[in-house]
Number of protein chains: 2
Amino acid sequence: MEDDSNISELLAARGIRLTRQREKILAILLQQRDHPTASEVYERAKQKMPSISLATVYNSLEALARNGLLKQVNVDRAPTRFCANLEDHSHFFCERCGAIYDVEAAAAQLGNLPPGFVVFHADVALKGLCSTCSDLNV
Amino acid sequence: MEDDSNISELLAARGIRLTRQREKILAILLQQRDHPTASEVYERAKQKMPSISLATVYNSLEALARNGLLKQVNVDRAPTRFCANLEDHSHFFCERCGAIYDVEAAAAQLGNLPPGFVVFHADVALKGLCSTCSDLNV
DNA sequence: TTGCGATTTAGAATCATTCTTGATCTCGGG
DNA sequence: CCCGAGATCAAGAATGATTCTAAATCGCAA
């Protein structure tokens with residue numbers, strides 16, 4: 001599969017040790033871009049790799065995210081979700097159906113910060129209704 | 001205490017039932033604006049009200065937040081923090097010392113959303129170094 | 001004052017996540 | 001190609017934040 005060789009290269013390029021588990025997990029994230037939780041990734045991974053453990057899923061997701069191959073997405077208190085879209089983008093959270101969508105990057109227009117404050121990142125989280133759910137309201 | 005009578009009024013104005021526990025918890029949040037966690041609020045509340053339970057702190061914080069008297073602040077996976085500043089503002093998270101600061105509201109400049117998407121809120125989370133911690137780097 | 005429904009309490013339960021331990025695997029060097 | 005050091009894995013226990021449960025108590029409207 002070309003995808004898999006691609007994944008090997010991605011991992012190697014980051015100097016991150018290649019294991020079947022990490023390959024599989026990254027493949028899952030690249031394949032179905034619905035921002036799954038660790039448990040959801042675990043369920044999907046078990047189908048092809050029944051012996052994988054949940055702890056390994058957590059470890060692998062952490063390793064991949066630390067090396068910039070995945071992004072973690074947090075919404076309030078809900079379980080962390082993962083995203084293989086490495087482009088600059090923002091996330092939109094549908095308050096009705098709970099789905100997460102990648103949307104065009106929103107820029108944060110900073111107000112005045114107190115002197116000495118240095119901003120490294122500005123994360124913008126959009127919340128509202130997705131097209132499917134706003135239709136239901138009509 | 002004028003603060004407390006003020007608090008009673010705040011609660012009453014929202015039609016939220018007045019209890020000693022809720023009064024105390026709101027007073028704590030108004031008094032020390034350092035974005036405490038539920039556990040921190042619990043510790044402070046116990047000093048004056050030793051019989052209060054952690055569950056009550058959670059319940060009260062939830063009730064106050066639901067009625068718009070408090071804001072919940074989430075940073076990644078860390079425990080939820082609470083904020084009595086009802087003005088429009090953003091939060092700045094210091095990546096070194098972990099402190100949270102209220103800062104002037106940052107406006108999110110939305111990109112193009114897919115048709116049918118409706119945005120209700122756009123939360124901007126700023127991360128970087130506060131003045132104290134950036135000084136250490138010089 | 002009275003009663004009902006909301007709230008409190010204490011502790012158990014839940015849920016996501018992390019840790020621990022011993023087994024297994026990856027990868028560079030020989 | 002084979003070996004060994006160190007990284008990673010699996011299984012399950014442990015942790016930590018938060019929520020739930022059940023019974024006692026309280027707030028508020030009539």
Side-chain angles (χ1 to χ4, degrees), chain A residues 4-5 7-26 28 35-67 69-70 72-82 98 100, chain B residues 4-5 7-26 28 35-43 45-46 48-67 69-70 72-82 98 100:
Chain A
D4 279 8
S5 66
I7 289 173
S8 306
E9 288 166 22
L10 282 171
L11 293 170
R14 304 279 174 156
I16 164 175
R17 190 172 286 197
L18 184 67
T19 68
R20 276 177 307 127
Q21 292 83 348
R22 289 175 178 177
E23 265 185 305
K24 184 64 194 168
I25 286 168
L26 183 49
I28 286 169
H35 304 88
T37 63
S39 296
E40 285 165 352
V41 172
Y42 176 52
E43 289 308 319
R44 292 175 199 176
K46 269 200 302 192
Q47 291 172 17
K48 287 292 179 60
M49 191 182 279
S51 69
I52 198 171
S53 78
L54 180 57
T56 296
V57 172
Y58 273 99
N59 287 338
S60 300
L61 289 170
E62 204 274 326
L64 292 167
R66 180 161 28 81
N67 286 281
L69 295 172
L70 292 180
Q72 300 192 195
V73 186
N74 291 113
V75 198
D76 301 332
R77 298 277 81 205
T80 299
R81 292 172 174 281
F82 295 85
I100 299 183
Chain B
D4 280 9
S5 65
I7 288 173
S8 305
E9 287 165 23
L10 281 173
L11 293 169
R14 304 279 174 156
I16 164 176
R17 189 173 284 196
L18 183 67
T19 68
R20 276 175 308 127
Q21 292 84 348
R22 288 175 179 177
E23 265 185 306
K24 184 65 195 166
I25 287 168
L26 183 49
I28 286 168
H35 304 88
T37 63
S39 296
E40 286 164 352
V41 172
Y42 177 52
E43 289 309 319
K46 269 200 300 192
K48 287 292 178 61
M49 192 182 278
S51 70
I52 197 171
S53 78
L54 179 57
T56 296
V57 172
Y58 273 99
N59 287 339
S60 300
L61 289 170
E62 204 274 327
L64 292 167
R66 181 162 28 81
N67 288 90
L69 295 172
L70 293 179
Q72 300 192 196
V73 186
N74 292 113
V75 198
D76 301 333
R77 298 277 81 207
T80 299
R81 293 173 174 280
F82 294 86
I100 299 184

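Note: K46(B) NZ to L54(B) CG = 8.5 Å, rounded to the nearest 0.5 Å. Summarising the geometry, atom CG belonging to D76(A) is positioned 7.5 Å from atom CD belonging to Q72(B); distances are rounded to the nearest 0.5 Å. Once rounded to the nearest 0.5 Å, the distance linking CG of L64(B) with CG of L70(B) reads 4.5 Å. In this structure, the separation between OH on Y42(A) and CD1 on I25(A) is 11.0 Å, given to the nearest 0.5 Å.
Between S51(B) and dT9(C) there is a side-chain polar atom (N or O) within less than 4.0 angstrom of OP1 or OP2. For dT18(D), the OP1/OP2 oxygens have a side-chain nitrogen or oxygen of T80(B) closer than 4.0 Å. Checking the phosphate oxygens (OP1, OP2) of dA10(D), a side-chain nitrogen or oxygen of Q21(A) falls inside 4.0 Å. Between dT9(C) and S53(B), a contact under 4.0 Å exists linking OP1 or OP2 to a side-chain N or O.
Taking all atoms of both residues into account, the shortest heavy-atom contact from P36(B) to V41(B) is CG-CG2, 3.7 Å.
Remark: C1' of dC9(D) and CD of E23(A) are 15 Å apart, rounded to the nearest angstrom. Atom-to-atom, NZ of K24(B) to P of dT9(C) comes out at 14 Å; the value is rounded to the nearest Å. Here the P atom of nucleotide dC9(D) and the OH atom of Y42(A) are 14 Å apart, to the nearest Å. The CG atom of L11(B) sits 13 Å away from the P atom of dG27(D) (whole-angstrom rounding). Atom CG of N74(B) and atom P of dA16(C) are 16 Å apart (whole Å). Atoms CD1 (I25(B)) and C1' (dT9(C)) sit 13 Å apart, rounded to a whole Å. For the pair E40(A) CD and dC15(C) C1', the interatomic distance rounds to 14 Å; values are reported in whole Å. Rounded to an integer number of Å, the gap from R81(A) CZ to dA16(C) C1' is 13 Å.
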**Footprint string (nucleotides 18-30 of chain C, 5' to 3'): B base within contact, S backbone only, - free, heavy atoms under 4.0 Å** = BB------BS---
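Checked for salt-bridge contact, R20(A) and E23(A) miss the test: no charged N lies under 4.0 Å from a carboxylate O.
With DNA chain D read from its 5' end, the first of the two nearest nucleotides for P79(B) and P50(A) is the one closest to P50(A).
Put simply, the residue from I28(B), I52(B), T37(B) that forms a side chain to side chain contact (heavy atoms under 4.5 Å, CB included) with V57(B) is I52(B).
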